[in-house]
Amino acid sequence: MKTILITGTNRGIGLELTKQYAQANWQVFACCRNPDAAKELQQLAEQSNQQITILPLDTADVSSMLTLKKSLGNTAIDVLINNAGILGKMGRETFGTLHDHTDEALKIFQVNSLGPLFLSEVLVDNVTNSQLKTIANISSDWASIALNKDGIACLYRASKAALNSITASMAAALKEKYIKVIAIHPGWVQTDMGGPSAVNTPEESAKGIMQQIEKLDIANTGCYVRHTGETLPW
Ligand SMILES: NC(=O)c1ccc[n+]([C@@H]2O[C@H](COP(=O)([O-])OP(=O)(O)OC[C@H]3O[C@@H](n4cnc5c(N)ncnc54)[C@H](OP(=O)(O)O)[C@@H]3O)[C@@H](O)[C@H]2O)c1
């Protein structure tokens, strides 16, 4: 059975990915900050015939990552999806008063950029031990510097652009281990983050993300694509 570890699975895109991978008969390690409060995820796990294991993980905290690693041991992880992310209170704001909110600004980078990097380092041996050897970072089209014409969401965009840079670095560094790395824009999705006006359902987004992961080859490791497959400009 193929194995996947997904972060931020108590709601939104992460919850839907958990559902669809379990339906596709994968063993899912579904990570979230507070498993006791993750009622929808618990329900999914109960209905899943032991395919979903819920594990605590705060992606802003390296000690939480090390505890997760301890409980996983050498378990092979075919696919690691770094999905957890935040917009943050200042995430949508533009140039102006961002310097008044340094703690909030740093938190956005800690969760969106450094979390995926540090977790990938902590779990790299588990991915190396697997068949599919894949790491997917959930990015954003707002990460694209080329597409940034309005300057809104200055900090969130910068944090996801940093994640894209980290994706390229990881792809280069991990190629010799045959680990493939991809940055995927999930669409504009109807979640707490995307809001009700968003154009994509979580179902469409998760399906598209799964297709891009399945298509990924070592020849195109380090690519940056939409959930529908189009390449995005850096
Ligand atoms: N929705 C969109 O339109 C859209 C567009 C582009 C990119 N994205 C990206 O897609 C990913 C998923 O977004 P979403 O729309 O599903 O957002 P969401 O509904 O707001 O869910 C975010 C998830 O991330 C988790 N999370 C946040 N900080 C965390 C931390 N420190 N440790 C562990 N988990 C943490 C949240 O857990 P808690 O409940 O504990 O906070 C939640 O499970 C994010 O990376 C986001 O940036 C979304």
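Atom CG of Asn200 is separated from atom NE2 of His185 by 7.5 Å, given to the nearest 0.5 angstrom. The CG atom of Leu87 sits 5.0 Å away from atom CZ of Arg92, with the distance rounded to the nearest 0.5 Å. Remark: Tyr224 OH to Ser144 OG distance equals 5.0 Å, nearest 0.5 Å. Here the CD1-CZ distance, from Ile166 to Phe118, works out to 8.0 Å after rounding to the nearest 0.5 Å. For the atom pair CG (Leu163) and CE (Met170), the distance works out to 8.5 Å, reported to the nearest 0.5 Å. Here CG of Asn10 is found 12.0 Å from CG of Asp36. Values are rounded to the nearest 0.5 Å.
At a threshold of 4.5 Å between side-chain heavy atoms, the hydrophobic network of Ile, Leu, Val, Met, Phe, Trp and Tyr places Leu155 and Leu114 in two separate groups. Residues Leu17 and Leu216 fall within the same hydrophobic cluster, defined by Ile, Leu, Val, Met, Phe, Trp and Tyr side chains chained together at heavy-atom separations under 4.5 Å. Residues Leu44 and Ile81 share a single hydrophobic cluster, defined by chaining ILVMFWY side chains whose heavy atoms lie under 4.5 Å apart. Hydrophobic clustering of Ile, Leu, Val, Met, Phe, Trp and Tyr side chains at less than 4.5 Å, counting indirect connections, keeps Phe109 apart from Ile138. There is a path of hydrophobic side-chain contacts, each under 4.5 Å, that joins Phe29 to Ile179.
No side-chain donor-acceptor contact under 3.5 Å links Ser140 to the backbone of Lys160. Checking side-chain atoms of Glu204 against main-chain N and O of Thr201 turns up a donor-acceptor pair under 3.5 Å. A donor-acceptor pair under 3.5 Å links the side-chain atoms of Trp188 to the main chain of Gly194, judged by distance alone. Using a distance-only test at 3.5 Å, with no hydrogens or angles considered, a donor-acceptor pair links the side chain of Asn126 to the main chain of Thr75. With Thr67 contributing its side chain and Ser63 its backbone, the two residues share a donor-acceptor pair below 3.5 Å. Under a 3.5 Å cut-off, the side chain of Lys2 and the backbone N or O of Leu132 do not form any donor-acceptor pair. Checked by atom type and distance alone, the side chain of Ser139 never pairs as donor or acceptor with a backbone atom of Asn164 at under 3.5 Å. Under the 3.5 Å distance criterion, the side-chain polar atoms of Thr191 are left unmatched by any main-chain donor or acceptor of Ile13. The backbone N or O of Ala22 lies less than 3.5 Å from a partner atom in the side chain of Gln51, making a donor-acceptor pair. In this structure, the side chain of Gln20 does not engage the main chain of Ala206 through any donor-acceptor pair within 3.5 Å.
The 12-atom threshold is exceeded at CD of Glu230, counting heavy atoms of other residues, nucleotides or ligands nearer than 6.0 Å. By the neighbour-count criterion of 12 heavy atoms within 6.0 Å, atom NZ of Lys69 is densely surrounded, having more than that number from other residues, nucleotides or ligands. By the neighbour-count criterion of 12 heavy atoms within 6.0 Å, atom CD1 of Ile145 is sparsely surrounded, having that number or fewer from other residues, nucleotides or ligands. Around the CD atom of Glu40, the shell of radius 6.0 Å holds no more than 12 heavy atoms that belong to other residues, nucleotides or ligands. Counting non-hydrogen atoms of neighbouring residues, nucleotides and ligands closer than 6.0 angstrom, the CG atom of Asn74 reaches no more than 12 such neighbours.
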**Request:** Could you walk me through whether Lys180 and Asp217 pass salt bridge (Lys or Arg N to Asp or Glu O under 4.0 Å), step by step?
**Result:** CA-CA 7 Å; Lys180 303 160 269 179; Asp217 196 77; over 6 Å; no
**Message:** Go through it in stages, so that I can follow the logic: the residues are Gln42 and Glu46, the test is side-chain hydrogen bond (donor to acceptor under 3.5 Å, both in side chains), and I'd like the CA-CA distance, side-chain angles, deciding distance and then a yes or no.
**Reply:** CA-CA 6 Å; Gln42 284 176 19; Glu46 277 159 26; over 6 Å; no
**Request:** Assess whether side chain to side chain contact (heavy atoms under 4.5 Å, CB included) is satisfied between Ile182 and Thr221, documenting all intermediate values.
**Result:** CA-CA 6 Å; Ile182 185 171; Thr221 184; over 6 Å; no
**Request:** Give the intermediate values and the outcome of side chain to side chain contact (heavy atoms under 4.5 Å, CB included) for residues Thr134 and Ile213.
**Result:** CA-CA 8 Å; Thr134 300; Ile213 289 173; 4.1 Å; yes
**Request:** Any chance you could lay out the side-chain hydrogen bond (donor to acceptor under 3.5 Å, both in side chains) test for Asp58 and Ser64, step after step, and finish with the verdict?
**Result:** CA-CA 6 Å; Asp58 181 344; Ser64 170; over 6 Å; no
**Message:** With side chain to side chain contact (heavy atoms under 4.5 Å, CB included) as the criterion, how do His101 and Lys89 come out once you've worked through the C-alpha distance, each side chain's angles and the decisive distance to 0.1 Å?
**Reply:** CA-CA 9 Å; His101 305 273; Lys89 285 189 205 101; over 6 Å; no
**Request:** Just do the side chain to side chain contact (heavy atoms under 4.5 Å, CB included) check on Glu93 and Met90 with the steps written out, would you?
**Result:** CA-CA 5 Å; Glu93 300 301 317; Met90 299 304 292; 3.5 Å; yes
**Asked** Could you go step by step and tell me if Asn137 and Thr167 meet the side-chain hydrogen bond (donor to acceptor under 3.5 Å, both in side chains) rule?
**Response** CA-CA 7 Å; Asn137 293 328; Thr167 302; 3.0 Å; yes
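When all heavy atoms of Gly187 and Val189 are compared, the pair lying nearest together is O-CG2, 3.4 Å. Considering all non-hydrogen atoms of both residues, Lys177 and Thr128 come closest at CD-OG1, 3.7 Å. Taking each heavy atom of Leu55 and Pro35 in turn, the nearest pair found is C-CG, 4.2 Å. Nearest heavy-atom pair across Ser205 and His227 is CA-CD2, 3.9 Å. The nearest pair of heavy atoms linking Ser159 to Ser113 is O-OG, 2.9 Å. Across all non-hydrogen atoms, the minimal contact from Val111 to Pro116 is O-CD, 3.4 Å.
Considering only heavy atoms from C-beta on, Cys154 comes within 4.5 Å of Leu98 through its side chain. Side-chain contact between Lys175 and Ile218: present, with at least one pair of heavy atoms (C-beta onward) separated by less than 4.5 Å.
Using a cutoff of 4.0 Å between basic side-chain nitrogens and carboxylate oxygens, Asp78 and Lys133 are not scored as salt-bridged. Salt bridge Arg157/Asp141: absent, no basic N to carboxylate O contact under 4.0 Å.
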